[in-house]
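For reference, the structure discussed in these notes is given below.
Chain identifiers are assigned alphabetically (A, B, ...) following the order of the sequence lines, protein sequences preceding nucleic acid strands; residue numbering begins at 1 within each chain. On a predicted model such as this, the values are computed, not experimentally measured, just so you know.
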There are 2 protein chains.
Amino acid sequence: MPDERPLRADAARNRAKILEAANRQIIARGPEVPMEAIAEDAGVAVGTLYRHFPTKDALVAAVLYAHFEEMTLGAEAAADRIDAGGSALDEFTALFRFILENAAGNQAVKAAARSLGAPMDEDLLRGRGVRALERIIAAGISQGDLRADMTIDDCHLFFATAPIDQPAAVRERWFTLMMDGSRAPAARPAQ
Amino acid sequence: MPDERPLRADAARNRAKILEAANRQIIARGPEVPMEAIAEDAGVAVGTLYRHFPTKDALVAAVLYAHFEEMTLGAEAAADRIDAGGSALDEFTALFRFILENAAGNQAVKAAARSLGAPMDEDLLRGRGVRALERIIAAGISQGDLRADMTIDDCHLFFATAPIDQPAAVRERWFTLMMDGSRAPAARPAQ
DNA sequence: CCATAACCTGAATCTAGGTTCATTATATAG
DNA sequence: CTATATAATGAACCTAGATTCAGGTTATGG
């Protein structure tokens, strides 16, 4: 592995513009958005996309990776705040609201993940991500707010089922049902 | 509108084979499955698909329609059983399990619905379907088993979020969380 | 049995979108 | 300021998959 020699300044700038454009376009039009569209959005020629990413899938994967990373960071921050004395239920709720509204970002990103067989899901979630989530869940259970049988797998459900392409009211309702279903029966608000 | 003259016997047979093949292929490979694949599965030439359906979207829509119809019929039967003295919660649970496992059938059909803007969702659900679901929900609430704020819109969530492409264990877990979230707090089983 | 309208076939056409690469432009080491 | 390795450009190429249609089949009324 010959150590990567640094990118030329303009190349680095373009790479960033491409990633931003790809994210924007994928969110707006789904992962099937044409490379041309991404190129135009980035103010660059198609060829340039291929200079930075060997294939379209690679570009989409890079965008996905950024999203997963953002989620992981959010989870770790939440776990840390719990250790510092915060409410596990509050952090759990806030984290998944954050994921719902921002990180998973939209149906498109989910679709992209699916269309790639989401291999990186494994990587990141099996790494720092899961560890942080496990800390949060364990705290929530021991604090008596989360149902005792909740596991890391339930978190997959949030990713897998969030109706991100639906109107805000629908998303909100889903969030409510899901959260109520996640609580310990005793901790459930009287509707 | 000149009244449809009846299909020739062989044509009717082929139409049925095409619909079956399309359903099978869409379930197995998603709505982007090539027309050729459907034709082959049906034991027919591509041209024949186009004799029966003006466009690929029309064929996919026809498959979707059948699914929605099946769900509608199931809902009506459930509502009738409740009127005849059945448990609303049991029927509600059974109906959505049925929808989860069979009718919505799979992520593919859902994806197809999405890729078509799901106009028929409206049609059927605004018709007999909603009426049946409303009867079921109303009964569930008055019997004290469903959360009092549950509405027909919550049913959309089942369609929109069912993780049908996930392993059975995951689907089952989702079902549990969703159902627990749908119950009246008092009626919730002690986990 | 025929006539003929209905049907079916499948090669050919058309198009969108991914990918390549010869050419031209530009950053930057020295 | 130059030389040159890096980059960017975008027209051309290629493939998959939707759709068409000229020509061959077949069901069925009479």
When the distance from [atom1] of [X] to [atom2] of [N] is rounded to whole Å, what number comes out?
{"X": "A:Met35", "N": "C:dT20", "atom1": "CE", "atom2": "P", "result": "10 Å"}
{"X": "B:Glu32", "N": "C:dG17", "atom1": "CD", "atom2": "P", "result": "15 Å"}
{"X": "B:Leu59", "N": "D:dT19", "atom1": "CG", "atom2": "P", "result": "10 Å"}
{"X": "B:Leu49", "N": "C:dG10", "atom1": "CG", "atom2": "P", "result": "12 Å"}
{"X": "A:Ile38", "N": "C:dT19", "atom1": "CD1", "atom2": "C1'", "result": "14 Å"}
{"X": "A:Arg51", "N": "C:dA25", "atom1": "CZ", "atom2": "P", "result": "16 Å"}
{"X": "B:Gln25", "N": "D:dG17", "atom1": "CD", "atom2": "C1'", "result": "15 Å"}
{"X": "A:Arg15", "N": "D:dT6", "atom1": "CZ", "atom2": "P", "result": "17 Å"}

Exercise. Is a donor on one side and an acceptor on the other found under 3.5 Å between the side chain of B:Gln143 and the backbone of B:Ala88?
Worked result: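 Looks like yes, one N/O pair under 3.5 Å.
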
For this session: Identify whether the distance between the nearest side-chain nitrogen and carboxylate oxygen of A:Arg135 and A:Asp80 falls below 4.0 Å.
Result: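 Salt bridge present between A:Arg135 and A:Asp80.
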
Exercise. Do B:Pro34 and B:Arg29 touch side chain to side chain, with heavy atoms closer than 4.5 Å?
Worked result: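 Of all side-chain heavy-atom pairs linking B:Arg29 with B:Pro34, at least one is under 4.5 Å.
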
Exercise. Is there a side-chain contact between B:Asp145 and B:Arg183, using heavy atoms and a 4.5 Å cut-off?
Worked result: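 Answer no - side chains too far apart.
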
For this session: Using the test side chain to side chain contact (heavy atoms under 4.5 Å, CB included), find all partners of B:Thr151 that sit at least two apart in sequence or belong to another chain.
Result: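 Counting only residues at least two positions away or on another chain, B:Thr151 forms a side chain to side chain contact (heavy atoms under 4.5 Å, CB included) with B:Asp153, B:Asp154.
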
Candidates [options] - which lies nearest the side chain of [X]:
{"X": "A:Ala45", "options": "C:dA11, D:dG10, D:dA7", "value": "D:dG10"}
{"X": "A:Tyr50", "options": "C:dT19, D:dT19, D:dT6", "value": "C:dT19"}
{"X": "B:Asp10", "options": "D:dA27, D:dA18, D:dG10", "value": "D:dA27"}
{"X": "A:Ala11", "options": "D:dA18, C:dT19, D:dA8", "value": "D:dA8"}
{"X": "A:Pro34", "options": "C:dG10, C:dG17, C:dT9", "value": "C:dG17"}

Exercise. B:Val46 or B:Arg13: which one's nearest nucleotide on DNA chain D is closer to the 5' end?
Worked result: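 First, find each residue's nearest nucleotide; the 5'-ward one identifies B:Val46.
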
[N], OP1 or OP2 - any side-chain N/O from [X] closer than 4.0 Å?
{"X": "A:Arg8", "N": "D:dA7", "value": "no"}
{"X": "B:His52", "N": "C:dC8", "value": "yes"}
{"X": "A:Asn14", "N": "D:dA7", "value": "no"}
{"X": "B:Thr48", "N": "C:dC7", "value": "no"}

